[in-house]
Q: 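Here's a structure for you.
Along the sequence shown, the residues carry numbers beginning at 1. Remember, it's 1-based here, ligands and their atoms both numbered in the order they're listed.
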Amino acid sequence: MNYRDFKGTAIAEVGLGTWQLGSADWGNINEDDAINILKTYTDAGGNFLDTADVYGMGVSETVIGKFLKAVNHPVYVATKLGRRGDAPNGWPQNFTYDAMKRQTEDSLRHLDIPRLFLEQLHCIPTTELQSGKVFDHLRSLQQQGLITHFGASVETSEEALICLEQEGLASLQIIFNLFRQHVADEVFARAAKKGVAIIVRVPLASGLLSGRFDAQTQFAANDHRNYNANGDAFNAGETFSGIEFKEGITLADKIKNLLPDNRMPQWAIRWILDHPEVTTVIPGASKMAQVNSNVEASFLPHLPEAIHKDLRELYNAEIYDKIRGHF
Ligand SMILES: NC(=O)c1ccc[n+]([C@@H]2O[C@H](COP(=O)([O-])OP(=O)(O)OC[C@H]3O[C@@H](n4cnc5c(N)ncnc54)[C@H](OP(=O)(O)O)[C@@H]3O)[C@@H](O)[C@H]2O)c1
């Protein structure tokens, strides 16, 4: 595993997304399987986990907390706040200082650690980012020692640029993949100039960019790839990167034909890592084998420039116009 700098800490360039561990949004993964997925990742040299207070309403964080007790080297956990709907939380109540402190303390309790490595705003309304008060609250939590760093997970380049004006912002988490290439043009140079880490989520477009789905593939009713396939529950961009499923299969096939060989998930992640402004990419996994496959991307050579060029031309000509949702 190769590591990249996150504000003075060497973190794995291939992290692990853990939305899968604890929520029903990807089918049910029991605790033993979740622990095995985490262990597979850290055994492969991984040390960066992304979770959120709402993944299984604390289940993902709690499983990670249990797992951390058995690991004897540092593992850096990034969590998120801002999307809880349980009373007295909810929108816009989630964004007061008291609510953000309470939510941070809940995450610390679930993880059973005294301080968070990274607390991220979890795709909160643009108006809250613009007002900037949420960042004052995060700076207060940092001064009190509850969090080491703070960052923001955002939906759009516009939101990313708003966050980049904030003093002390450590990271931006954004969707960036072969179905969402233009983010590099709009955000990366500015983030690099400000020394802000880029955390890339949804790198495989919810699995579409693994190349293993076909028109017969079906998802369970409680899997977001079923109930949010067209953005009915939350931003369409978080499911298949905003690309309509059947269209996505055709486009994934075209991408596959441009890659050096049939290791499509690995090359899709390698393509992301070839951007030096990226600090870490956080593929989710529901199986141990997927973790090993995704980590392999760290050991692949850079894709040749000619392939980068072809992939960008395909994106400009056939993909960009098909992205749906708020992006
Ligand atoms: N708003 C936010 O801040 C936000 C939103 C979304 C995600 N995230 C974070 O980003 C992480 C990654 O995004 P994501 O999980 O939504 O999407 P993703 O990483 O693009 O896709 C993950 C899915 O792709 C499939 N997959 C993974 N590795 C594979 C491999 N090697 N071969 C074949 N299939 C593979 C699996 O599908 P199956 O389970 O069907 O096998 C897996 O569940 C999440 O876990 C979460 O931590 C944050």
Q: Counting only heavy atoms not in Lys39, do more than 12 fall under 6.0 Å of its NZ?
A: no
Q: Checking the side chain of Thr239 only, and the main-chain atoms of Ala229 only, is there a donor and an acceptor separated by less than 3.5 Å?
A: no
Q: For the pair Phe219 and Phe240, name the ring-plane relationship: parallel under 30°, tilted 30 to 60°, perpendicular over 60°.
A: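 Geometry flag for Phe240 against Phe219: tilted rings.
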Q: Counting only heavy atoms closer than 4.0 Å, does ligand 1 sit against the backbone of Pro203, its side chain, both, or neither?
A: both
Q: Out of curiosity, Leu21 CG to Tyr55 OH, how far, rounded to the nearest 0.5 Å?
A: 10.5 Å
Q: With atoms numbered from 1 as shown, which atoms in ligand 1 lie under 4.0 angstrom from a non-hydrogen atom of Cys123?
A: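 Once the distances to Cys123 are compared, the set is 1 (N).
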Q: Which atoms from ligand 1 have a heavy atom of Ser293 less than 4.0 Å away?
A: 31 (N)
Q: Indicate yes or no for a side-chain donor-acceptor contact from Ser206 to the backbone of Val202 under 3.5 Å, with no hydrogens or angles considered.
A: no
Q: So does Lys193 have more than 12 non-hydrogen atoms from other groups sitting under 6.0 Å from NZ?
A: no
Q: Using heavy-atom distances only, which candidate in Glu155, Arg201, Met264 approaches atom 10 (O) of ligand 1 most closely?
A: Arg201
Q: Report, in ascending order of atom number, the atoms of ligand 1 lying under 4.0 Å from any heavy atom of Trp26.
A: 14 (P), 15 (O), 16 (O), 17 (O), 22 (C), 23 (C), 43 (O)
Q: Return yes if a side-chain donor-acceptor contact under 3.5 Å exists between Thr51 and Glu61, otherwise no.
A: no
Q: Considering only heavy atoms of Ser286, which atoms of ligand 1 have at least one such atom less than 4.0 Å away?
A: 38 (P), 39 (O), 41 (O)
Q: I'd like to check which ligand 1 atoms, numbered from 1 as shown, lie under 4.0 Å from a non-hydrogen atom of Thr18.
A: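 Answer for ligand 1: 45 (O), 47 (O).
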Q: Measure the distances from the heavy atoms of Arg225 to every atom of ligand 1 and state whether one is below 4.0 angstrom.
A: yes
Q: Nearest non-hydrogen contact with atom 19 (O) of ligand 1 belongs to which option: Gly284, Gly82, Ala205?
A: Gly284
Q: By number and element, which atoms of ligand 1 are closer than 4.0 Å to a non-hydrogen atom of Arg212?
A: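 The atoms of ligand 1 under 4.0 Å from a heavy atom of Arg212 are 25 (C), 33 (C), 34 (N), 36 (C), 37 (O), 38 (P), 40 (O), 41 (O).
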Q: With heavy-atom distances below 4.0 Å as the criterion, list the atoms of ligand 1 near Pro283.
A: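 So the atoms of ligand 1 that pass are 19 (O).
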Q: Considering only heavy atoms, which of Tyr55, Phe240, Phe213 lies nearest to atom 46 (C) of ligand 1?
A: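 Looking at heavy atoms only, the winner is Tyr55.
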Q: Which atoms of ligand 1 sit under 4.0 Å from any heavy atom of Lys287?
A: 41 (O)
Q: Considering only heavy atoms, which of Glu238, His224, Glu296, Gln120 lies nearest to atom 6 (C) of ligand 1?
A: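 Ranked by closest heavy atom to atom 6 (C) of ligand 1, first place is Glu238.
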